[in-house]
Protein chains: 2
Amino acid sequence: MAVTVLLVEDETSVREAVRFHLERSGYVVRACATALEGWESLAGADVVVLDWMLPDEAGIAWLRRLRDSSFAGLPVLMLTARASEMDRVEGLDAGADDYLTKPFSAAELAARVRALLRRSSGERPRGALKVGLLELNLDAGFAAFNSSELHLTRREFDLLAFLAAHPGRVYSRQELLDKVWGVDFIGGERTVDQHITQLRAHLGDEPSEPTYLETVRGKGYRMRADP
Amino acid sequence: MAVTVLLVEDETSVREAVRFHLERSGYVVRACATALEGWESLAGADVVVLDWMLPDEAGIAWLRRLRDSSFAGLPVLMLTARASEMDRVEGLDAGADDYLTKPFSAAELAARVRALLRRSSGERPRGALKVGLLELNLDAGFAAFNSSELHLTRREFDLLAFLAAHPGRVYSRQELLDKVWGVDFIGGERTVDQHITQLRAHLGDEPSEPTYLETVRGKGYRMRADP
DNA sequence: TCTCCCATGACAAAACCATGACGTTTGGCG
DNA sequence: CGCCAAACGTCATGGTTTTGTCATGGGAGA
């Protein structure tokens with residue numbers, strides 16, 4: 001559960017200062033003094049804090065190599081003493097996710113690391129769904145039916161999105177609770193029914209003649225594959 | 001900050017491949033499948049990668065329109081399947097800054113984008129936005145509603161501009177803090193609410209019946225696409 | 001120093017959601 | 001054919017979460 005930060009910094013004073021601040025912010029810090037040492041410590045790291053000014057241009061080379069390795073997706077925060085535009089382009093070009101110019105404050109460092117983790121672990125694009133006249137844009141959180149916007153609540157949207165993502169497949173109420181509500185939800189299965197009713201109202205679906213949300217008696221619900 | 005590439009490409013496979021390579025090179029990629037969607041995503045982009053072969057000659061028309069708009073200075077890299085001299089002349093004539101013929105290598109793509117950015121760095125026009133009665137000039141920091149000037153504070157302007165640059169899309173409070181306040185902002189998410197309230201007062205928007213700034217309960221806020 | 005801006009806590013208001021109750025449908029079985 | 005029980009649909013409701021807004025004090029810039 002603990003988040004591990006891999007720190008690659010040759011200068012001892014900076015390294016220890018950064019380590020101190022990051023540990024104080026609750027991270028597990030693995031500090032390395034050389035590029036080689038850092039490379040061998042990659043496994044298990046969640047985010048990398050890398051000194052741009054390692055000897056022999058090692059910083060940029062290290063980063064390029066990282067982006068061609070199996071750790072390519074790892075977020076990298078670069079530390080640099082130079083703040084010119086040239087360096088920025090070069091650094092981003094090499095694949096850094098963010099930048100921090102020395103000197104920096106402890107709070108800023110922690111905030112940037114936190115932001116990187118948010119970006120990497122948080123939201124990746126999920127794309128869009130289309131079933132018949134129903135359109136769902138999962139990234140934008142937008143739902144439309146027959147080209148006019150649907151105003152859905154969060155539960156409604158999540159439930160509809162889940163069912164629409166797997167058309168034709170039947171899900172039991174318990175499965176839906178696990179997947180949409182979350183496994184730690186404590187409550188009755190009939191809650192699902194209520195939200196299905198609401199969704200049907202939005203879609204103009206009749207329970208007896210459903211075009212989209214079909215009841216499978218004794219099993220659960222499913223989104224029809226043929227709208 | 002991060003360099004944003006606007007990608008307009010209708011073919012999903014190509015779009016995702018290009019997105020992957022560009023993101024791997026450290027760019028923020030805003031991918032659009034249609035000319036219209038791309039047009040609405042122009043604000044804030046630093047460089048455009050445009051598919052020449054969009055349906056209905058949309059590519060060339062889009063580019064010509066761009067060159068007549070407030071985004072005229074934006075560097076544009078065109079992708080094309082045809083390499084004939086005719087196309088090249090036509091494309092450069094329409095205002096493309098550079099050319100790339102499919103299939104192309106990831107390295108070549110990144111290199112060309114980089115070159116374009118270098119060429120245009122120094123002068124970076126960001127253009128103007130218009131949503132309904134609301135007009136924003138990002139260069140001048142000028143805002144107008146119903147043709148009369150709005151006196152917005154810096155935060156208000158930045159927040160409004162960001163939301164207006166991506167109409168229809170929902171942003172969580174955390175995303176807004178990251179993008180508008182900056183990733184190193186340390187503070188509560190409710191701060192966003194306060195500024196939304198202020199903006200609504202400026203725009204005469206009611207929270208219950210918003211014309212512009214819409215609350216998406218449990219998710220965040222968004223600028224309505226249809227003002 | 002003096003504004004103006006901005007973040008934040010507190011409280012009120014609104015929306016949402018789970019749930020129980022009750023009516024309706026379905027399918028099995030005598 | 002009719003009865004019964006289980007499963008499902010839907011309404012109303014109270015508690016809970018989320019959001020709107022006011023007021024306040026700190027702080028940056030003029």
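Every chain is numbered from 1, with letters handed out A, B, ... down the list of sequences.
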What nucleic acid atoms does B:L177 come within less than 4.0 Å of, heavy atoms only: base, sugar-phosphate, or nothing?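 Nothing: the residue B:L177, judged by heavy atoms under 4.0 Å, touches no strand.
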Look at all strands and tell whether B:I186 reaches a base, only sugar-phosphate, or nothing, counting heavy atoms closer than 4.0 Å.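 It contacts sugar-phosphate atoms only.
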Among D:dG9, C:dT19, C:dC16, which nucleotide has an atom closest to any side-chain atom of A:F185?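 Of all the options, the side chain of A:F185 is nearest to C:dT19.
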Are OP1 or OP2 of [N] and a side-chain N or O of [X] less than 4.0 angstrom apart?
X: A:W181; N: C:dA18; value: yes
X: A:T153; N: C:dA15; value: no
X: A:Y221; N: D:dA7; value: no

To the nearest 0.5 angstrom, please state how far the [atom1] atom of [X] sits from the [atom2] atom of [Y].
X: B:E189; Y: B:Q174; atom1: CD; atom2: CD; value: 5.0 Å
X: A:L7; Y: A:E23; atom1: CG; atom2: CD; value: 10.0 Å
X: B:W181; Y: B:I186; atom1: CH2; atom2: CD1; value: 15.0 Å
X: A:E156; Y: A:I196; atom1: CD; atom2: CD1; value: 10.5 Å
X: B:W62; Y: B:W39; atom1: CH2; atom2: CH2; value: 6.5 Å
X: A:L159; Y: A:L163; atom1: CG; atom2: CG; value: 5.0 Å

Restricting to non-hydrogen atoms, name the atom on A:L74 and the atom on A:A45 that form the minimum distance, rounded to 0.1 Å.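 Taking every non-hydrogen atom into account, CD1-O, 3.4 Å.
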Kindly give the heavy-atom pair with the smallest separation between B:A164 and B:L136, and that separation in Å.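 Looking at all heavy atoms of both residues, the shortest contact is CB-CD1, 3.9 Å.
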A:T211 and A:R200: side-chain hydrogen bond (donor to acceptor under 3.5 Å, both in side chains), yes or no, with the steps? CA-CA 9 Å; A:T211 309; A:R200 280 174 173 154; over 6 Å; no
Residues from residues 190-207 of chain B lying under 4.0 Å of DNA chain C - heavy atoms: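 Residues of residues 190-207 of chain B that come under 4.0 Å of DNA chain C are, in numerical order, B:T191, B:Q194, B:H195.
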Can you tell me how far [atom2] of [N] sits from [atom1] of [X], to the nearest Å?
X: A:L159; N: C:dC16; atom1: CG; atom2: P; value: 16 Å
X: B:R222; N: D:dT19; atom1: CZ; atom2: C1'; value: 17 Å
X: B:E156; N: C:dC6; atom1: CD; atom2: P; value: 6 Å
X: A:L176; N: C:dA18; atom1: CG; atom2: P; value: 13 Å
X: B:E214; N: D:dG20; atom1: CD; atom2: P; value: 11 Å
X: A:R154; N: C:dA18; atom1: CZ; atom2: C1'; value: 14 Å
X: A:R155; N: C:dA15; atom1: CZ; atom2: P; value: 19 Å
X: B:E209; N: D:dG20; atom1: CD; atom2: C1'; value: 16 Å

Please say which of A:K219, A:R169, A:R222 ends up in a salt bridge (Lys or Arg N to Asp or Glu O under 4.0 Å) with A:E175.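 Only one of A:K219, A:R169, A:R222 forms a salt bridge (Lys or Arg N to Asp or Glu O under 4.0 Å) with A:E175, namely A:R169.
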Check whether any side-chain N or O of B:D205 sits under 3.5 Å from a backbone N or O of B:Y212 as a donor-acceptor pair, and report yes or no.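 Indeed, once roles are kept as given, a pair shorter than 3.5 Å links the two residues.
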Under 3.5 Å, side chain of B:Q198 to main-chain N/O of B:H195, donor-acceptor pair present?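 Absent.
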For nucleotides 25-29 of chain C, give me every protein contact, N/O to N/O, under 3.5 Å, one pair per line with atom names.
residue	atom	partner	partner atom	Å
C:dT26	O2	A:R217	NH2	3.1

Using the C1' atoms of five pairs at each end, what's the angle between the two axes of the helix from C:dT1-D:dA30 to C:dG30-D:dC1, to 10 degrees?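 The angle, to the nearest 10 degrees, is 30°.
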